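Hydrogens, waters and symmetry mates play no part in the numbers below; they use all other heavy atoms, side chains included. Just so it is clear, the structure is predicted and the values come from calculations on it, not from any experiment.
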Amino acid sequence: TTMLTLEIVGEESSLQGWTFELELPHPSNDQPDFLVDPARFNESLDQQWQEGSRCKVMWLQEDGTNTWYNATIMELCPEDPEWP
């Protein structure tokens with residue numbers, strides 16, 4: 001498992017500055033594999049991704065270390081209505 005300490009940073013939030021810990025168990029099929037910073041997610045939406053675009057992907061190794069891989073977008077699919 002991994003422990004993350006998170007802080008609310010949105011100036012519009014009444015909870016700004018509040019911190020909490022989140023324990024992430026090793027990923028399994030019934031839970032997400034990762035968390036994404038909303039700012040980075042929004043930036044990615046602005047990218048003009050297309051088949052053949054290059055990107056970097058971080059993958060958790062069995063020994064608990066993270067490794068960055070160079071990747072190529074192979075296919076673009078419509079947004080999943082269950083995960084907007």
Can you measure from [atom1] ([X]) to [atom2] ([Y]) and round to the nearest 0.5 angstrom?
| X | Y | atom1 | atom2 | result |
| --- | --- | --- | --- | --- |
| I8 | Q16 | CD1 | CD | 9.5 Å |
| Q47 | C55 | CD | SG | 9.5 Å |
| M58 | T67 | CE | OG1 | 9.5 Å |
| Q50 | I73 | CD | CD1 | 10.0 Å |

Least distance between heavy atoms, Q61 atom then Y69 atom: NE2-OH, 3.2 Å
Smallest separation among heavy atoms of Q48 and S53, with atom names: O-OG, 4.2 Å
Same apolar cluster: L6 and W18, side chain cutoff 4.5 Å: yes
Over 12 foreign heavy atoms within 6.0 Å of CZ, R54: yes
Side chain to side chain donor-acceptor pair (under 3.5 Å) partners of T65, counting only residues at least two apart: D63
